[in-house]
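Order of the sequence lines fixes the chain letters, A, B, ..., with proteins taken first and strands second; residue numbering starts at 1 for each chain. Computed from a predicted structure; not experimentally measured.
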Amino acid sequence: MNAPWMEFVPLLWEGLKVTAEVAFLAAIAALALSGASGLCRVSKYRTVQWAAKTYTELFRGIPLLVLLIWVYFALPFAGLELPKLAAAVLAIGLNYGAFGSEIVRSSIEAVPAGQREAGIALNFTPAQRMLYLILPQALPRMLPPFGNLLIELVKATSLIYFITLSDLTYQAMILRNNFLPWTPHIFGLLLILYFLLSVVITVVVKWLERRLTEGRV
Amino acid sequence: MWDWDYAWSILPELAASFGTAFSAMAWGFAMACMGGLILVAAGRSRLAVLRLPARGLVQFIRNTPLLVQLFFLYYSLPMAIGIAPSAFVTGVVGLGLHYSTYMSEVYRAGIEGVPKGQWEAAKALNYNGRQTWFTIILPQALPPMIPVMGNYLIVIFKDTPILSAITLVETLLTAKNLTSVSFRFFEPYTLVGVLFLIICVIFSFLLRRIEVRFNRHHLGSKQGASRSFGRRKHERTQPNVDNREVFPG
Amino acid sequence: MNALSQTSTIVKYSQVKKSYGDLEVIKGIDLSIAPGEKVALIGPSGSGKTTLGRMLMTLEEPTGGTIQVDGQLLWHEEKNGRFVRAGEKHLHRMRERIGMVFQHFNLFPHMNVLDNVASAPRKVLKLHKREAKERAEAMLAKVGLADKIDVYPSQLSGGQKQRVAIARALVMNPKVMVFDEVTSALDPELVGEVLEVIKDIARQGDMAMMLITHEMDFARDVADRVVFGADGRIVEEGPPKEIFENPKSDRLQSFLGRFR
């Protein structure tokens, strides 16, 4: 007997849309936080450095699932009630922003000191040095690790199942209830879908990377 | 909003629940270390029948969520093969399987971090395969791996709350059970977060000390390896994208 | 204006000191460079020559003494009647007069040759895009690289890279330029082309030059004055002929002995 694959499609499609939406928004939040805190990490002001460092240490030390549950279930008791989507985006964004911050910092620091010195010798202002000299060289270095981070982030969106956001994983659990004998097929299909998502990301990042380093050999 | 008396009253139970988390972590880590060894050995094999499936498996497991893998193991395997391991065993197998793929990359990067000249020197001295591995390659490849492996221990520890999805009563599920009795959410979940944070900070502190020690003793071999090793869970190794290739000269 | 600006020096080091922690690398140096003057700094490695140049380029801050450029203090500015440590704004203004060519070129790998030279005129001097391009092209022609404008630095030889770096510094039209061991990182057969370019500039320009170098023949050919330093101090200085043919101090004699 064949599995009723076609019956799985509508729910999984709905789930895919939610997964994509959460992943997209969370990725933007994480990217913004990575950039901001990564730049703060290389600031010349100690306090700014320290604040960014505290942020990364804090959110790298708390498991994403615990953070997500806390934001959704505990935070309302502190007076902040967030809708599910906002809670998911906030938690994932904060967590992955902390990891991305390290990528930004280390990529900036990997640009040779001579580049900064050449910038000073040509009388670029500190902001111009960052904008025209350091970041253009740091960005291509950031891309591969950010691609990996994005894949990890998409995988992590499966955790929003815990706050009953109807993502891919959640819909698969519903399907399992309706088609219990096909449990292995449903979860197998689900794994393949996540794998395909990561393949898409890998391809896009590779393409971006080629674009960014074009001509430099 | 915050009730200290209640917080104190649940603290012992929450703290005790970390016992399950720790043992899941330890078993999962041990499995990942051994699984990674098998995967890297198969992935470097000359036989395509071993190499290709091993590499495919690594890519597939790495790029799919642990949660879904756990569901697959917990709910599908019993139907497929007729045995139903406990939530703990399933959780450990899930963690071990998932992180064995990361570990295999750690091993691979460590081995490839040993300069080619070392292999050639071993050949020139007429070492056999076993001698080459045990007296030349591994002594150089292992030290830089240690901190990275330690880092994965922390990563695995932080993933133990996911095991609550397959009904393992670890810390998060313990907290959840507390909330369903007291209807207080703030204290249990906040405590869980704080406890995880404290443990992770301690872990990282110890790890950094180990790292410093290995850096001191293995300056020479560390140089090459650290380039591919400075990456953590979220910066997985991509051998084909080395900074030197992007920016020659 | 004050008396300083009327003197005929473009650069004046007064009792300049520099230490890193307990290690004092510059131990009180006095040195003046006249406008347009070409001064070669020679001496053993570790004598502090490069540090002297880097302090002029504001890459390193002296731990004692003062440096004046064009009659104004470089590392200090006057605020409410007192001289305080210079802020970024003051340094920015001062750097308009100073340029530097580095031992390791420090070209921007993400820009082609033209942009390497044209970027500072555009962004710093705020020139129009076309004018910056024209100036850069003219300067690249001057160093003999007019045909390489579209190429990226990674595709150039060491000598070509250094010539681009020279054009990049020249296009900003500084009054004094530091050449920091510009041939030390080059393969021997590429040294000549770079030195030729510098000689050329020295002949036609009214730009002062501080040539930190290990090339004694080059120093003799180009410099108006040679300064020999060792252990963070100036040991001997004078016209090239004097320094190379009639060295007075033992240190200089033994140093030059190694080049014979």
Side-chain angles (χ1 to χ4, degrees), chain A residues 35 38-40 42-49 103-147 205-217, chain C residues 50 53-54 56-60 87-89 91-113 115-126 150-156 164-174 176-180 185:
Chain A
L39 284 175
C40 290
V42 297
S43 159
K44 60 178 176 176
Y45 301 107
R46 279 290 162 84
T47 8
V48 176
Q49 274 180 30
I103 297 176
V104 172
R105 179 191 60 79
S106 61
S107 305
I108 288 175
E109 285 176 355
V111 176
Q115 294 294 309
R116 185 179 152 267
E117 294 182 353
I120 294 176
L122 292 170
N123 213 1
F124 282 86
T125 64
Q128 287 177 325
R129 291 201 298 265
M130 186 50 87
L131 201 61
Y132 300 125
L133 307 182
I134 309 297
L135 280 183
Q137 297 183 55
L139 281 175
R141 287 168 206 265
M142 293 179 202
L143 257 186
F146 263 123
V205 170
K206 282 264 157 67
W207 175 80
L208 257 179
E209 220 178 295
R210 258 200 306 278
R211 282 290 307 270
L212 260 184
T213 53
E214 222 162 42
R216 285 187 233 171
V217 186
Chain C
T50 289
R54 288 171 60 83
L56 180 59
M57 192 61 258
T58 70
L59 297 173
E60 272 169 73
E88 179 58 33
K89 223 172 174 172
L91 292 175
H92 186 79
R93 223 165 30 237
M94 295 304 291
R95 280 187 210 118
E96 285 169 11
R97 307 163 172 93
I98 314 163
M100 181 158 176
V101 181
F102 297 88
Q103 181 179 355
H104 295 287
F105 332 128
N106 298 351
L107 291 183
F108 305 130
H110 59 299
M111 299 179 187
N112 66 21
V113 165
D115 289 338
N116 258 283
V117 181
S119 70
R122 275 203 69 194
K123 312 287 187 199
V124 179
L125 304 181
K126 316 273 187 215
D150 294 327
V151 162
Y152 280 83
S154 59
Q155 292 155 284
L156 296 176
V164 174
I166 292 170
R168 184 177 73 171
L170 271 182
V171 79
M172 298 300 280
N173 214 1
V176 56
M177 183 117 98
V178 180
F179 290 83
D180 182 17

Ignoring hydrogens and geometry, is there a side-chain-to-backbone donor-acceptor pair from [X] to [Y] under 3.5 Å?
| X | Y | result |
| --- | --- | --- |
| A:E209 | A:R141 | no |
| C:N116 | C:M111 | yes |
| C:H110 | A:Y132 | yes |
| C:K126 | C:K123 | yes |

Closest approach of [X] to [Y] (non-hydrogen atoms, all atoms of both residues):
| X | Y | value |
| --- | --- | --- |
| C:A169 | A:L122 | CA-CD2, 4.3 Å |
| A:G147 | A:V205 | CA-CG2, 3.7 Å |
| A:L133 | A:Q137 | O-NE2, 3.0 Å |

Non-hydrogen atoms of chain A under 4.5 Å away: do they reach the side chain of [X], the backbone, both or neither?
| X | value |
| --- | --- |
| C:L125 | neither |
| C:M172 | side chain |
| C:R168 | both |
| C:I98 | backbone |
| C:H104 | neither |
| C:F102 | side chain |

Name the option with the most non-hydrogen atom pairs under 4.5 Å to chain A; the candidates are [options].
| options | answer |
| --- | --- |
| C:D150, C:V101, C:V171, C:V124 | C:V124 |
| C:T58, C:L107, C:N112 | C:L107 |
| C:L59, C:L91, C:V151, C:V178 | C:L59 |

Worksheet entry | Any residue meeting salt bridge (charged side-chain N to carboxylate O under 4.0 Å, His left out) with C:R95, in chain and number order, not counting sequence neighbours | C:E88
Fill in: Region of A:Q128 in contact with chain C, defined by heavy-atom distances below 4.5 Å
side chain
Worksheet item: Quick one: of A:G119, A:P126, A:P112, who has the most non-hydrogen atom pairs under 4.5 Å with chain C?
Response: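 The candidate making the most pairs under 4.5 Å is A:P126.
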